[in-house]
Amino acid sequence: MPLICFSISDFMADYSKEEIKRIEEKWRNEWAKRGIYKVEEVQSKPKYYVLDMFPYPSGAGLHVGHPLGYIASDVIARFKRLKGYNVLHPMGFDAFGLPAEQYAIEHGVHPAASTRANIENFKSQLGKIGFCYDWSREVQTCDPHYYKWTQWIFLQIFDSWFNRKNKKAERITTLTWIFENEGNAEHPVPNSKFEIQNFTAAEWKTFTQKQRQEILMQYRLAYLAYTDVNWCEALGTVLANDEVINGVSYRGGFPVVKRQMQQWNLRITEYADRLLKGLDEIDFSDSMKEIQRNWIGKSVGCELDFSLSHGEAKIRVFTTRPDTIFGVDFMVLAPEHELVKQITTSSQAGEVEKYLNYVAGRSEIDRMAEVKKITGAFTGAYAVNPFNGKKIPVWISEYVLAGYGTGAIMAVPCGDERDHKFAKHFNISVTNIIGSHYTGTEANPTKEATLENSGFLNGMVMHKAIDVAIDEIEKKGIGKRQVNYKMRDAGWSRQRYWGEPFPVVYRDDMPYPMNETELPLTLPDTDNFKSSGNGEGPLANLKDWIHFSDNAKRDSNTMPTHAGAAWYFLRYMDPHNTKEFASKEKLNYWNQVDVYIGGSEHAVAHLLYSRLWTKILHDLGYLNFDEPFKKLINQGKITGDSRFVYRVRGTNTFVSYGIKDQHETDALRTDVNIVNGLELDTEAFKKWKPDFANAEFILEEDGKYICGSAIEKMSKSYFNVVNPDDIIDKYGADTLRLYEMFLGPLEASKPWSTSGIDGVYKFLRRFWNLYHDANGNFIVSNEEPTRDELKALHRLIKKVEYDVEHYSFNTSVSEFMICANELSSLKCNKRLILEPLAITLAAYAPHIADELWQKLGHEDCILNATFPALNEELLKENAFEYPISINGKVRAKMNFALDMPKADMEKLVLASEAVQKWSDGKPPKKVIIVPGKIVNIVV
RNA sequence: GCGCAUGUGGCGUAAUUGGUAGCCGUGCCAGACUUAGGAUCUGGUGCCGAAAGGCGUGGGGGUUCGAGUCCCUCCAUGCGCACCA
């Protein structure tokens with residue numbers, strides 16, 4: 001008996017922790033040294049563009065949830081390269097943004113410095129996972145070399161207008177030409193509230209420079225306007241609609257109020273229809289498309305004017321249901337509607353005043369919270385139904401929104417639930433135009449009813465009457481067909497420091513673009529990041545910078561973080577170009593992103609803005625495609641799996657989960673990293689926090705301390721964050737990569753649990769052992785493989801190809817395991833199997849694959865090999881074991897040649913013992929034989 | 001409330017065209033080896049039942065020789081929108 005025992009790994013090149021570390025570091029260095037991830041445009045090769053949503057480099061670093069999508073895209077990129085594609089797979093950083101600025105205010109660290117440090121940290125973490133990014137193409141949105149072009153694109157948008165005739169962006173010069181020659185008759189002002197609505201060519205020529213600029217501003221795709229914005233006092237900034245959730249800020253949850261401010265806006269509403277139509281030709285998930293459609297919120301109907309019984313004023317409403325015109329029992333204006341004061345009768349003035357005060361005193365949050373509450377006031381005025389002359393009372397109510405449609409509605413209580421509730425609440429009588437479809441107690445929004453009490457529409461089915469009604473309305477000249485969108489123009493100014501400055505100068509209060517040669521307008525340095533207090537951002541404090549000349553000033557706002565992200569996928573194609581944002585040649589070559597992987601939280605903002613910028617650049621002739629992302633995959637969130645300990649109240653004693661009910665306890669979260677499965681490492685717990693140094697434990701009968709658990713979001717404050725660095729340290733990057741893919745379908749959300757990772761690690765060791773003997777010697781033979789061995793290999797090849805094309809990575813991992821299990825039990829160590837086998841694994845576990853590839857005698861990296869060709873012949877079977885089912889239940893199995901005639905099979909099956917037994921000797925009613933699948937006998 | 005997605009063993013999941021439900025992994029059980037070990041190997045493991053057999057993919061119904069898969073309906077969970085006329 002030896003006195004000292006060695007583990008087997010001490011003697012040989014086992015796939016041990018030390019060996020893994022050695023192999024993985026070696027190959028990461030080797031890849032960098034050889035520069036194998038650098039790609040160039042090669043016209044003769046087919047391209048493939050695999051993109052990750054670039055991260056915001058937060059101070060917290062990566063947790064195991066972040067790499068999920070990156071690993072999937074890395075597998076795709078490597079696989080496509082092995083298949084002969086020229087693959088663009090870049091990475092960069094969305095480096096402007098609010099958190100760095102908040103951090104600067106709180107800790108006095110310049111955003112540039114903290115951002116730089118965070119990026120370093122991210123890159124080091126990403127580097128350990130073995131991604132095949134071409135880092136020479138890295139972009140950082142806060143880099144002046146990058147944001148020069150963000151500013152440049154902004155100026156192109158500023159210099160554009162949307163021609164509704166051909167539904168395309170065009171240069172402002174085409175618009176001025178039109179104005180000079182024909183006035184604006186053919187191209188009405190998009191903003192119907194602007195004081196000048198119509199002008200002739202002659203009038204245009206009489207306008208002053210400033211007037212002309214003001215008019216052009218109404219058309220520009222990037223324009224300045226006083227708009228109702230979401231002002232967040234606590235953050236000292238304006239927020240976009242998508243940054244406001246239920247009346248509070250998305251970040252921080254601070255109250256948000258409406259406020260008028262002069263802001264840059266993008267006229268995204270002009271593109272609403274194209275953004276909607278574009279969804280039909282791109283491959284996004286249904287829910288993603290649905291979210292975008294919802295956000296755009298297209299509704300088709302008509303605008304229609306109602307005269308009042310007294311006075312000249314007309315109330316214009318928008319309705320999608322003009323077919324219900326004879327069911328209008330009252331009208332409702334938004335409280336903010338401009339006609340309210342004008343039409344209110346003196347007898348109702350008090351009541352209306354009271355209601356307006358009530359509305360004014362309500363915050364956005366109140367309104368959101370009490371959606372169901374019915375409130376309103378009668379103005380005393382009556383409108384007249386243009387078709388039957390009926391007098392209809394005009395009310396005001398919060399439930400009509402000033403910002404949508406015309407801010408006024410015709411209320412049809414028998415067909416609209418809200419109108420019905422309002423009518424009942426205020427005792428307004430309800431006209432029934434849909435007969436038995438209306439019960440009197442509840443509105444019925446059907447479009448299928450046959451109309452009654454409806455004049456010229458009587459007897460028509462409602463959905464058919466819609467067009468007839470609009471035609472009649474247009475014929476009478478009281479309204480027209482109209483499309484409305486929920487989506488508003490995008491606010492593009494932020495009262496913030498850490499963003500792109502607007503590349504414009506103001507003269508006489510009008511903005512003028514800077515010359516291209518003056519770009520970038522760099523962000524001035526400062527150490528004061530607090531807002532200047534008057535609704536302007538920190539840049540307003542820098543008086544010399546703002547008032548850089550006597551008669552010109554700069555904009556104190558910066559662009560939102562969406563700006564840099566709206567086009568970064570284009571810059572990757574030509575990241576060092578100093579003359580253009582990217583050369584036409586390269587843009588044409590790399591073209592659309594073939595696969596884009598990222599989180600679903602960017603559904604509306606980022607994805608809509610990048611689609612918009614792509615469409616504008618396309619219209620202006622810079623791109624030959626107008627959708628940026630051909631396919632989008634949203635990886636699921638990885639949630640945390642928290643662990644709880646139970647402290648007996650008022651003591652420092654902790655009781656195990658199974659017996660905690662015998663005590664009065666408080667549940668405390670503990671660090672998941674000191675818990676193995678559910679068992680707490682009590683010594684580590686004592687060291688974890690000083691408070692627990694003297695903790696005592698009441699253990700289970702088996703002497704273990706068992707924790708409680710809960711699935712919740714992965715967050716530092718829950719102590720449930722798992723850092724990929726720790727997993728790599730313990731198991732290696734290949735195991736991490738495989739395990740994250742093995743967890744389940746990419747798009748599904750799933751909790752992170754480390755149990756199960758051993759299975760993946762064991763697989764890799766078994767895989768390694770196919771190439772090595774029990775002593776760790778490399779023992780690949782040159783023998784001819786058997787048919788079974790070839791079959792195992794080719795089944796894997798087929799599966800991996802299918803799975804990557806279908807983004808089903810978990811199933812590939814399981815197939816790798818099946819194949820390795822099979823080859824192990826066949827004791828296969830043959831080069832003709834193991835060489836292609838290494839290539840199939842290379843996309844998933846690149847380090848081990850390259851090591852084995854080298855041991856197989858190759859000088860070049862495995863990524864430059866060719867993915868093995870599938871030989872379907874090897875997978876063909878000549879016989880099949882048929883399940884024999886009787887009345888749908890499998891009762892026996894019988895082996896038949898696949899080419900056996902059905903009649904012969906039927907004879908043999910019917911004669912079989914099992915069939916005799918189960919059919920009770922009765923003759924079969926029907927025999928179904930599906931070759932290669934099943935035999936079913938009906939008795 | 002409306003829209004979209006999802007529901008399969010103790011757990012993560014698989015089933016590509018409607019054709020043997022539960023592959024792969026984990027966990028658990030038993031065994032081997034052993035320095036009693038968070039190692040390795042072997043076997044078992046959907047549920048009920050001693051077995052024969054029966055039941056089984058959120059519930060109910062339908063189409064079909066045959067349904068996890070298609071249709072209807074209900075329920076649960078997640079996400080999105082939320083007075084949008």
Side-chain angles (χ1 to χ4, degrees), chain A residues 1-3 5 7-9 246 285-295 297-299 301 317-321 324 332 367-368 370-374 397-401 403-412 415-419 421-422 445 484-487 600-601 603-604 634 636-637 676-677 679 739 742-745 747-760 762-763 765 798-799 802-803 806 808 810-818 821 881-893 924-930 932-939:
Chain A
M1 285 291 282
L3 288 173
C5 277
S7 80
I8 292 171
S9 61
N246 292 333
S285 69
D286 286 345
S287 62
M288 191 60 49
K289 288 185 178 182
E290 218 35 54
I291 291 170
Q292 293 210 355
R293 285 195 190 105
N294 236 316
W295 183 262
K298 179 178 183 172
S299 52
V317 301
F318 173 71
T319 179
T320 56
R321 297 297 302 275
T324 63
V332 186
R367 250 177 113 149
M368 299 259 187
E370 299 176 316
V371 160
K372 294 280 175 286
K373 197 164 156 188
I374 297 161
S397 173
E398 269 191 318
Y399 88 89
V400 173
L401 307 176
Y404 185 77
T406 60
I409 62 157
M410 56 178 230
V412 182
D416 183 284
E417 196 196 324
R418 294 151 309 171
D419 296 348
K421 284 191 173 138
F422 194 87
N484 259 324
Y485 299 94
K486 266 201 285 187
M487 183 169 67
S600 54
E601 65 272 23
V604 280
N634 300 113
K637 279 197 187 64
N676 179 38
E679 187 187 349
Y739 184 57
F742 188 59
L743 278 174
E747 304 196 56
S749 280
K750 50 230 154 190
W752 176 267
S753 126
T754 317
S755 67
I757 198 168
D758 274 318
V760 169
K762 277 189 228 167
F763 152 71
R765 197 172 46 201
K798 186 175 183 177
K799 182 75 175 152
Y802 180 91
D803 284 349
H806 291 82
S808 172
N810 53 327
T811 48
S812 277
V813 179
S814 124
E815 198 68 21
F816 281 126
M817 291 173 174
I818 293 168
N821 289 347
E881 189 173 44
Y882 285 88
I884 311 298
S885 64
I886 293 149
N887 287 338
K889 297 232 181 269
V890 178
R891 298 299 184 183
K893 296 201 173 159
K925 244 190 227 161
K926 201 172 178 185
V927 179
I928 294 127
I929 296 174
V930 186
K933 297 273 187 194
I934 201 166
V935 177
N936 192 15
I937 295 159
V938 188
V939 290

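As a basis for the values below, the full set of heavy atoms in this structure was taken, side chains included, without hydrogen atoms, waters or symmetry mates. Protein chains get the first letters and strands the later ones, always in sequence-line order, with residue 1 at the start of each.
Contact annotation: A:K926 side-chain N/O to B:rC65 OP1/OP2 distance is under 4.0 Å. Applying the 4.0 Å criterion to OP1 and OP2 of B:rC24, one finds that A:N810 has every side-chain N and O outside that range. OP1 and OP2 of B:rA85 both lie 4.0 Å or more from every side-chain N or O belonging to A:T406. OP1 or OP2 of B:rU16 has not a single side-chain nitrogen or oxygen of A:Y802 nearer than 4.0 Å. Between A:N821 and B:rG25, a side-chain N or O to OP1/OP2 separation shorter than 4.0 Å is present. For A:K933, no side-chain nitrogen or oxygen approaches OP1 or OP2 of B:rG66 to under 4.0 Å. The shortest distance between the side-chain N/O atoms of A:K486 and the OP1/OP2 oxygens of B:rC83 is not below 4.0 Å. Contact check, A:R765 against B:rA39: no side-chain N or O comes under 4.0 Å of OP1 or OP2.
Crowding of A:E881 atom CD: a count of heavy atoms from other residues, nucleotides or ligands under 6.0 Å exceeding 12.
Across all non-hydrogen atoms, the minimal contact from A:I409 to A:Y399 is CD1-OH, 3.7 Å. Residue A:V930 comes nearest to A:Y882 through the heavy atom pair O-CE2, 3.6 Å, listed as atom of the first residue, atom of the second, then distance.
Across the strands present, B:rA39 finds no partner; the criterion is a Watson-Crick or G-U wobble pair with both atom distances under 3.5 angstrom. Pair check for B:rC28 finds B:rG44; Watson-Crick or G-U wobble, both atom distances under 3.5 Å. Nucleotide B:rC79 is matched to B:rG3 when pairs are restricted to Watson-Crick or G-U wobble geometry with both distances under 3.5 angstrom.
The structure places CZ of A:F816 at 9.0 Å from CG of A:D803, a figure rounded to the nearest 0.5 Å.
Nucleotides B:rG62 and B:rG18, compared at atom C1', are 15 Å apart to the nearest Å.
Across all strands, A:N936 comes closer than 4.0 Å to base atoms (heavy-atom distances).
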